[in-house]
Amino acid sequence: MNDSLAYLRTPIAIRERAAKVLKYVEDGQSQWFRLDPNGLETAVQATLAVTRERFPNPAAIPFHSRWRHFESGGRDRWSALAERLKHLPPEEIARRRMDLAVVSVLLDAGAGAAWSFREPGTGETYARSEGLGVASFHMFANGAFSRDAKGDPLRVDAERLAKLTPMDIAMGFQVKAHNPLLGLEGRAELLRKLGDVGLERPGALFDIVATSGEVRADSILAAVLDKLSPIWPSPRGDVWEHPVVGLVPFHKLSQWMSYSLVEPIEGAGLHVVALDALTGLPEYRNGGLLVDAGALRPKQRVLLEKAFAPGDEAIVEWRALTVALLDRIAEHVRLHLGMDAARLPLVKVLEAGTWFAGRRLAAERRPGGGPPITVESDGTVF
């Protein structure tokens with residue numbers, strides 16, 4: 001079996017190992033899950049329902065990326081900032097957008113149900129992913145990540161990140177005793193480590209991937225994994241051991257970041273191709289959709305009752321099954337909508353439906369809308 005780091009960092013490896021876990025479950029060997037085809041169809045229909053509701057014209061579905069959270073509440077926050085950058089060349093604007101996206105994604109682990117962010121200026125309150133996105137956007141806009149907060153605020157510099165403290169994050173995210181944020185230390189540590197990876201700024205990734213007019217999506221992921229791997233707690237990153245399948249890679253946060261770099265790159269006039277090389281994101285909304293729709297049937301009640309660590313067998317299986325089944329859901333959704341993978345790549349299926357369908361089912365089934373299975377988050381995995 002190929003367990004080389006180079007192989008485990010590829011989307012091919014993610015899909016191949018996820019397929020092995022899926023077969024293991026389909027063969028009835030898992031002690032945690034069984035697959036229910038009827039439940040999978042329920043997940044497809046739930047995805048189609050929110051897709052049609054949110055996007056009557058499926059051609060208008062945008063990418064699933066951090067940029068959608070910057071548009072929370074129907075506000076195009078980036079456009080207001082872009083006005084202040086219009087004197088810069090397109091490549092530099094792309095670097096600054098990538099500065100923002102990288103930092104914001106690293107701050108995007110689960111917030112917990114008790115935290116929210118009240119937006120200055122609008123007075124609107126946002127929670128969970130939207131709140132994290134809007135809060136990090138305002139930190140960026142205020143120069144919190146720049147070495148020259150007053151003179152040149154709209155950028156992210158390694159030297160500033162290296163000095164970032166949990167208190168800086170707490171202030172930017174309005175954290176107080178009655179407004180606690182999960183994983184505060186982990187988030188600050190990630191950004192401090194980002195300041196030490198050898199990139200002068202996160203936006204330098206643009207110069208690594210933009211070597212021609214066409215940029216492959218998997219080359220964006222390769223650059224992210226290569227340059228940012230020193231920040232992860234484990235040298236392998238988001239790769240976990242399964243007792244039968246062996247090492248199972250996911251690179252969820254790195255793929256979420258890669259998806260979030262597509263729009264800045266294309267904004268500079270380049271074309272990102274082979275988007276479907278990347279996989280679905282194995283996080284609790286997509287995975288929760290599969291459990292709540294009945295596609296994945298827990299074999300033990302304890303799965304729904306206790307909190308698990310990311311490396312626990314049940315969580316490795318849940319996440320691998322999520323990767324494999326998101327591909328199946330995407331195929332069905334395209335079939336129903338009469339679209340092909342070129343017009344409706346997986347990244348748009350995630351945005352149109354699976355993530356929101358997961359959130360909707362969670363809200364219907366549990367007070368607070370939390371996931372059906374609880375994973376202990378340290379701010380680096382989910």
Side-chain angles (χ1 to χ4, degrees), residues 66 68-70 72 101-119 125-140 144-145 161 164-194 231-234 237-238 240 250-257 260 281-289 291-292 303-312 314-316 318-319 322 355 358-359 362-363 365-382:
R66 196 54 162 158
R68 304 293 76 77
H69 294 143
F70 299 149
S72 294
V102 169
V103 166
S104 185
V105 165
L106 291 179
L107 290 167
D108 191 37
W115 177 83
S116 65
F117 179 79
R118 186 178 173 86
E119 185 174 26
T125 298
Y126 299 96
R128 298 193 179 273
S129 293
E130 289 86 352
L132 294 168
V134 173
S136 57
F137 182 90
H138 280 277
M139 284 188 75
F140 174 84
F145 308 118
L161 292 178
L164 213 66
T165 67
M167 183 56 72
D168 292 324
I169 306 291
M171 287 181 67
F173 281 66
Q174 303 173 349
V175 175
K176 297 192 168 63
H178 63 275
N179 192 36
L181 178 69
L182 293 180
L184 193 62
E185 296 278 349
R187 290 169 213 268
E189 180 68 10
L190 271 185
L191 292 191
R192 277 201 303 276
K193 286 181 174 177
L194 176 62
I231 73 178
W232 304 123
S234 148
D238 190 9
W240 307 88
F250 299 110
H251 307 304
K252 174 254 167 179
L253 210 58
S254 298
Q255 292 202 84
W256 174 231
M257 185 181 292
S260 299
L281 301 177
E283 44 77 42
Y284 68 76
R285 289 300 180 207
N286 290 325
L289 166 66
V291 176
D292 284 336
L303 248 184
L304 308 176
E305 294 172 346
K306 66 167 259 194
F308 290 82
D312 286 347
I315 303 307
V316 176
W318 185 33
R319 298 182 76 201
T322 300
W355 194 90
R359 174 183 270 187
R365 283 160 173 70
R366 286 171 297 281
I373 298 170
T374 303
V375 182
E376 294 163 349
S377 172
D378 67 351
T380 62
V381 176
F382 274 73

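- Taking R66 as the reference, D108 meet the salt bridge (charged side-chain N to carboxylate O under 4.0 Å, His left out) condition, with sequence neighbours excluded.
- Just one residue in the list V102, L190, L191 forms a side-chain contact (heavy atoms from CB on, under 4.5 Å) with L107, and that residue is L191.
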Listing, residues 175-184 side-chain donor-acceptor contacts under 3.5 Å, not counting sequence neighbours, or none:
{"residue": "N179", "atom": "OD1", "partner": "S116", "partner atom": "N", "Å": "2.9"}
{"residue": "N179", "atom": "ND2", "partner": "S116", "partner atom": "O", "Å": "2.9"}
{"residue": "N179", "atom": "ND2", "partner": "Q174", "partner atom": "O", "Å": "2.8"}

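- Annotation: the span from S129 atom OG to R68 atom CZ amounts to 13.5 Å, rounded to 0.5 Å.
- Taking OG of S260 as the start and CD of Q255 as the end, the distance is 11.5 Å to the nearest 0.5 Å.
- The side chain to side chain donor-acceptor pair (under 3.5 Å) test applied to H251 returns no partner, not counting sequence neighbours.
- Nearest heavy-atom pair across R128 and A113 is NH2-CB, 3.6 Å.
- For R359, the salt bridge (charged side-chain N to carboxylate O under 4.0 Å, His left out) partners two or more places apart in sequence, or in a different chain, are E130.
- Listed for the E283 side chain is a donor-acceptor partner under 3.5 Å among the backbone atoms of N286.
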Subject >> Steps toward side-chain contact (heavy atoms from CB on, under 4.5 Å) verdict (V291, W318) >> reply: CA-CA 9 Å; V291 176; W318 185 33; 3.4 Å; yes
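- Interatomic distance, CG of L164 versus CZ of R187, reported as 13.0 Å (0.5 Å rounding).
- Every residue was checked against the side chain to side chain donor-acceptor pair (under 3.5 Å) condition with R118, not counting sequence neighbours, and none meets it.
- Every residue two or more places apart in sequence or in another chain was checked for a side chain to side chain donor-acceptor pair (under 3.5 Å) with W115, and none qualifies.
- Side-chain atoms of F145 and L161, non-hydrogen and from C-beta on, do get closer than 4.5 Å to each other.
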Taking only distance into account, with no hydrogens and no angle test, what donor-acceptor pairs under 3.5 Å do side-chain atoms of residues 131-140 form with protein atoms, sequence neighbours excluded?
{"residue": "S136", "atom": "OG", "partner": "S104", "partner atom": "OG", "Å": "2.7"}
{"residue": "S136", "atom": "OG", "partner": "L132", "partner atom": "O", "Å": "2.9"}
{"residue": "S136", "atom": "OG", "partner": "G133", "partner atom": "O", "Å": "3.0"}
{"residue": "H138", "atom": "NE2", "partner": "E119", "partner atom": "OE2", "Å": "2.7"}

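- Residues passing the side-chain contact (heavy atoms from CB on, under 4.5 Å) test with M167 are T165, A170, M171, sequence neighbours excluded.
- For the side-chain contact (heavy atoms from CB on, under 4.5 Å) test, residues two or more places apart in sequence or in another chain that qualify with R366 are D292, A362, P372.
- A pairwise comparison of heavy atoms in G358 and L289 identifies CA-CB, 3.7 Å as the closest pair.
- For G287 against T322, the heavy-atom pair with the smallest separation is CA-OG1, 3.3 Å.
- Scored by the side chain to side chain donor-acceptor pair (under 3.5 Å) test, T125 finds no partners at all (sequence neighbours excluded).
- Judged by distance alone, the side chain of D238 and the main-chain N or O of F250 form no donor-acceptor pair under 3.5 Å.
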Side-chain polar contacts of residues 305-312 - donor-acceptor pairs under 3.5 angstrom, sequence neighbours left out - could you list them?
{"residue": "E305", "atom": "OE2", "partner": "R301", "partner atom": "NE", "Å": "3.0"}
{"residue": "D312", "atom": "OD2", "partner": "A309", "partner atom": "N", "Å": "2.9"}

